[in-house]
Amino acid sequence: MQALLIATAVLVVGLVLAYGIKRFSLGDSVTLIALMIIPLLAYGVVSGDISEFTAPGGWGAKFREEAKKTIDPVPISSSIVEGEFVAKGDFVQLENVDRNLAPGEPVSMTLQLGRGDYYQAPVIAEYIRVLSQHDPDMSVVVIDPAGKYVASAKGSVVLAQLTDTRNPDQTYQLMDALRGSNPSAILKIGGFSDKSIADTASNVEALRKMQSENTARLVAVTPARAPEGVVLRDMIVTRLLVELAPEDR
């Protein structure tokens, strides 16, 4: 019944849009046909009665199976810049990291709590600047001394906190939190969140959580709370859309 109501609602909206398109000449017959097919697809997906819907011309939607698959996070081993690289003034190491990163590859930088004065604000800031050239949406991931996930934040947010000369207290608070080993101290810093998703979650579960958290990426963690990788909304959506495309014949 719920699936039928959803399909009916989509149909009504589709008819309204169809009338507007026809009345004001905003579209063609293909648009009208698409508006009529969408309610059928919505009914099948929501009810679970069908996992595949194929229309004339080879267009198909087989994304339900894909949506149930376990997430495939970008592995930390290939996309993470480890905290050990961010030593005092170690810009030579940064140059090596910069050369080895693949263009367009998602990037995250890990920082470990409880390392005292090991991290220096100017060095972290420079790392973020360089890494952001590869991935403008890069993340800064914080782990505790045992390697468990604590929190993450957008690199642009952390960079602003480290370079805002009008509010130097931000830099002090962030660096002070990194020096200690108390996870709650990092969570008090603006922009940091402990939100994550289990590495056993499905694609649709990840999308729902991203929607509720208003974020385009989440850190995937193991049962032991170790960060395994980064889940990207764009990659999941791309996989689902690929299922809609007809196979080459």
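The model shown is predicted, which means the values in this text are computed figures rather than measured ones.
- Dense packing is recorded around NZ of Lys209, with more than 12 heavy atoms of other residues, nucleotides or ligands lying under 6.0 Å away.
- Residues Val141 and Leu111 have side chains not in contact (no heavy-atom distance under 4.5 Å, counting atoms from C-beta outward).
- Closest approach of Ile128 to Met138, counting heavy atoms only: O-SD, 3.8 Å.
- Across all their heavy atoms, Gly191 and Ala153 have their closest contact at O-CB, 3.3 Å.
- No donor-acceptor pair closer than 3.5 Å links the side chain of Ser132 to the backbone N or O of Pro136.
- For the atom pair Leu162 CG and Gln120 CD, the distance stands at 11.5 Å (nearest 0.5 Å).
- Between Pro145 and Ser181, the shortest heavy-atom distance links the atoms CG-CB, 4.0 Å.
- Tyr127 OH to Leu131 CG: the interatomic distance, rounded to the nearest 0.5 Å, is 8.0 Å.
- Of the candidates Ile186, Asn182, Val150, Asp144 forms a side chain to side chain contact (heavy atoms under 4.5 Å, CB included) with just one, namely Val150.
- No side-chain heavy atom of Ser152 sits less than 4.5 Å from a side-chain heavy atom of Val140.
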Query - Test salt bridge (Lys or Arg N to Asp or Glu O under 4.0 Å) applied to Arg208 and Glu205, step by step - result: CA-CA 5 Å; Arg208 286 172 178 166; Glu205 288 172 338; over 6 Å; no

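- Here Arg217 pairs with Asp135 in a salt bridge; the nearest charged N to carboxylate O distance falls below 4.0 Å.
- Across Met175 and Ala121, no two heavy atoms sit closer than the pair CE-N, 3.7 Å.
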Report task. Verify side-chain contact (heavy atoms from CB on, under 4.5 Å) between Tyr118 and Gln112, making sure each step is shown before the conclusion. Result -> CA-CA 10 Å; Tyr118 181 79; Gln112 188 176 54; over 6 Å; no

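- The closest side-chain heavy-atom distance from Arg115 to Leu178 is not below 4.5 Å.
- In this structure, CD in Gln161 is found 5.5 Å from CD in Gln170, a value given to the nearest 0.5 Å.
- Side-chain contact check for Val221 versus Glu228: every heavy-atom pair is 4.5 Å or farther apart.
- Side-chain contact check for Arg233 and Thr215: no donor-acceptor pair (N or O, by modelled atom type) lies under 3.5 Å.
- Side-chain contact between Pro223 and Asp199 is present, with heavy atoms from C-beta onward closer than 4.5 Å.
- Note on Arg179 versus Asp117: salt bridge recorded, some NZ/NE/NH1/NH2 to OD/OE distance being below 4.0 Å.
- Between Met109 and Ile124 there is a side-chain heavy-atom pair separated by less than 4.5 Å.
- Here the closest heavy-atom approach between residue Val230 and residue Ser108 is recorded as CG2-OG, 3.3 Å.
- One distance of note links NZ of Lys154 with CZ of Phe192; it measures 13.5 Å at 0.5 Å rounding.
- Within the 4.5 Å cutoff, the side chain of Ile71 has no heavy atoms near those of the Ser202 side chain.
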Report task. Tell me, with the steps shown, if Thr163 and Arg129 meet side-chain contact (heavy atoms from CB on, under 4.5 Å). Result -> CA-CA 11 Å; Thr163 58; Arg129 288 192 189 96; 3.4 Å; yes

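- With values rounded to the nearest 0.5 angstrom, Asn203 atom CG is found 8.5 Å from Asp72 atom CG.
- Nearest heavy-atom pair across Ala206 and Ile236 is CB-CD1, 3.8 Å.
- Under the 4.5 Å side-chain criterion, counting only non-hydrogen atoms from C-beta, Val231 is in contact with Met210.
- For Ser139 (side chain) and Gly155 (main-chain N/O), no donor-acceptor pair under 3.5 Å exists by modelled atom type.
- Remark: Tyr149 OH to Thr110 OG1 distance equals 12.5 Å, nearest 0.5 Å.
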